[in-house]
Protein chains: 2
Amino acid sequence: MDMPVRTSEDVDLDRLSTALGFLMRLAQLKIYERFFEEVGEHHLKPGEFSVLWVILHNPGIRQSVLGQRLMIKRAHMTKLIRALEDQGLVTRQVPDDDRRAVEITLTPAAADKIRQASHWFFTYEDSVGENLTRDERQQLTGLLRKFVGID
Amino acid sequence: MDMPVRTSEDVDLDRLSTALGFLMRLAQLKIYERFFEEVGEHHLKPGEFSVLWVILHNPGIRQSVLGQRLMIKRAHMTKLIRALEDQGLVTRQVPDDDRRAVEITLTPAAADKIRQASHWFFTYEDSVGENLTRDERQQLTGLLRKFVGID
DNA sequence: TGGAGATTGTTTCCTTGTAAACAAATTTTT
DNA sequence: AAAAATTTGTTTACAAGGAAACAATCTCCA
């Protein structure tokens with residue numbers, strides 16, 4: 001009797017269940033989904049927050065550098081920055097030594113806003129991976145850091 | 001002299017560099033980007049492949065179950081399945097015991113195609129994480145499995 | 001039994017992100 | 001110094017994926 005599976009627990013993933021790329025995609029989707037359950041829509045989205053956070057800590061950073069570090073494509077970065085500019089959160093300035101580039105800085109109002117937002121953002125981030133032990137979580141973070149080449 | 005950063009290595013991520021969600025997003029983007037460099041456009045995309053692979057191993061699986069396991073939303077699943085159907089790779093059948101549902105099966109031609117595609121797919125998957133040691137890679141895979149709740 | 005409510009898939013509209021072509025500025029080559 | 005190639009950001013056109021509303025079916029319970 002060859003019953004088709006009816007519940008997601010019974011699904012046979014075969015080799016897919018050890019494929020690193022596949023697992024990473026699943027993990028990322030899970031995190032993202034939970035983010036919107038917990039944090040809701042009221043706030044900045046994770047992408048926007050990380051852009052602003054990095055500008056806060058690297059005032060005058062150039063769009064291209066920001067994009068490289070956060071893996072955001074140039075075309076998309078243009079839109080992100082413009083949206084932030086429209087909200088009065090960042091200012092764009094073309095530097096004298098390279099007039100193709102654009103340097104980004106937070107407005108004073110934005111700097112405050114980010115520092116506030118960082119509270120719930122990192123509260124959420126700290127809650128990610130609660131089904132792991134403290135050690136496992138630390139291991140995972142370390143391995144991911146090495147994997148993506150940070151530090 | 002407060003020089004703005006000029007290279008992505010110099011970017012100060014502050015607490016972001018240990019935030020699990022952030023690292024996971026970066027890792028996933030890195031994998032995805034490399035996928036297209038190495039595998040090119042000629043083949044199935046990772047999402048399509050995983051759907052077909054799971055159908056191969058779970059014939060007659062229902063769209064909803066497939067979506068739950070692969071974390072694909074219903075609306076998107078509908079489009080994915082229709083695209084595969086248009087390519088003659090899957091067939092849809094409404095089962096008698098629940099006429100809302102749709103059961104998916106591979107066509108014989110598709111089954112062959114997937115078995116071939118699995119060669120390059122898993123070759124790529126095996127190459128992911130080559131900057132880690134064998135042990136680290138294994139650890140990472142295990143932690144991710146636990147994190148996403150597989151096994 | 002007969003609603004009330006839940007589930008399943010679909011459609012429509014919208015958001016997010018990418019690819020490709022482009023213009024302007026800079027760097028490299030010759 | 002002039003020409004060629006590269007970098008940076010922008011625009012435009014498109015693809016991937018999600019939210020909400022909907023119709024059909026099924027389940028539960030009064």
Side-chain angles (χ1 to χ4, degrees), chain A residues 4-8 25-26 28-37 40-41 43-51 60-87 90-104, chain B residues 4-8 25-26 28-37 40-41 44-51 60-86 90-104:
Chain A
V5 291
R6 295 289 153 83
T7 68
S8 65
R25 173 166 157 274
L26 246 49
Q28 219 253 312
L29 287 173
K30 183 179 173 182
I31 292 174
Y32 210 75
E33 205 161 85
R34 245 202 29 159
F35 182 89
F36 287 111
E37 284 170 14
E41 307 290 341
H43 300 287
L44 295 164
K45 276 158 279 180
E48 290 171 337
F49 175 83
S50 59
V51 166
I61 192 175
R62 296 182 178 186
Q63 270 187 219
S64 57
V65 178
L66 194 51
Q68 282 162 31
R69 182 69 290 185
L70 299 181
M71 300 237 234
I72 297 173
K73 296 285 188 306
R74 283 195 314 256
H76 185 37
M77 185 60 77
T78 295
K79 295 181 198 173
L80 269 180
I81 296 295
R82 178 159 47 218
L84 295 173
E85 198 183 17
D86 289 347
Q87 297 173 59
V90 304
T91 54
R92 303 164 68 256
Q93 176 162 5
V94 174
D96 279 343
D97 71 327
D98 187 344
R99 311 210 7 258
R100 296 166 303 180
V102 178
E103 293 179 350
I104 316 289
Chain B
V5 292
R6 293 290 155 80
T7 69
S8 64
R25 173 166 157 273
L26 246 50
Q28 219 255 311
L29 287 173
K30 183 179 172 181
I31 292 174
Y32 211 75
E33 206 160 86
R34 246 203 28 161
F35 181 89
F36 288 111
E37 284 169 13
E41 307 290 342
L44 294 165
K45 277 159 278 179
E48 291 171 337
F49 175 82
S50 58
V51 166
I61 192 174
R62 295 181 179 189
Q63 269 187 219
S64 56
V65 178
L66 194 51
Q68 282 162 31
R69 180 70 288 183
L70 298 180
M71 299 238 233
I72 297 173
K73 295 287 187 304
R74 287 197 309 272
H76 186 37
M77 184 60 76
T78 295
K79 297 179 199 172
L80 270 180
I81 296 295
R82 177 159 48 217
L84 295 173
E85 197 183 18
D86 289 347
V90 305
T91 55
R92 302 164 69 256
Q93 176 162 5
V94 174
D96 279 343
D97 71 327
D98 186 345
R99 313 211 4 259
R100 297 166 302 180
V102 177
E103 292 180 352
I104 317 289

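Letters go in sequence order (proteins before strands), and every chain restarts at 1.
Pairing each heavy atom of A/L70 with each of B/L29, the nearest pair is O-CD1, 4.3 Å.
Distance, A/L80 CG to C/dT18 P: 10 Å, rounded to whole Å. Protein atom CD of B/E33 is 11 Å distant from nucleotide atom C1' of C/dT18, rounded to whole Å. Put simply, CZ on A/R99 is 13 Å from C1' on C/dA23, counting in whole angstrom units. Here D/dG9 presents its C1' atom at 13 Å from CD of A/E85, a figure rounded to the nearest Å. The nearest whole Å value for the distance from the NZ atom in B/K73 to the P atom in C/dT11 is 20 Å. Residue A/K79 contributes atom NZ, which lies 10 Å from atom C1' of D/dT10 at whole-angstrom precision. Summarising the geometry, the separation between CZ on A/R82 and P on D/dT10 is reported as 7 Å, rounded to the nearest angstrom. When the P atom of C/dT16 is taken as reference, atom OH of A/Y32 falls 8 Å away, rounded to whole Å.
Between A/Y32 and A/F35, the ring planes lie parallel to each other; the angle is under 30°, not in the 30° to 60° tilted range.
OP1 or OP2 of D/dA24 has not a single side-chain nitrogen or oxygen of B/R100 nearer than 4.0 Å. Between A/R74 and D/dG9 there is no side-chain polar atom (N or O) within less than 4.0 angstrom of OP1 or OP2. A sub-4.0 Å separation between OP1 or OP2 of C/dT7 and a side-chain N or O of B/S64 is absent. For B/K45, a side-chain nitrogen or oxygen approaches OP1 or OP2 of D/dA16 to under 4.0 Å. Between B/R62 and C/dT7 there is no side-chain polar atom (N or O) within less than 4.0 angstrom of OP1 or OP2.
For the pair A/A75 and A/D96, both in contact range of DNA chain C, the more 5′-proximal nearest nucleotide belongs to A/A75. Where A/H76 and A/A101 each meet DNA chain D at their nearest nucleotide, the meeting point lying more 5' is that of A/A101. Nearest-nucleotide assignment on DNA chain D puts the 5′-proximal partner with A/I81, out of B/E48 and A/I81.
Within 6.0 Å of CD in A/Q87 there are more than 12 heavy atoms belonging to other residues, nucleotides or ligands.
Side-chain atoms of A/E85 and A/T91, non-hydrogen and from C-beta on, never get closer than 4.5 Å to each other.
Between A/R92 and A/D86 no salt bridge is recorded (no basic side-chain N to carboxylate O distance below 4.0 Å).
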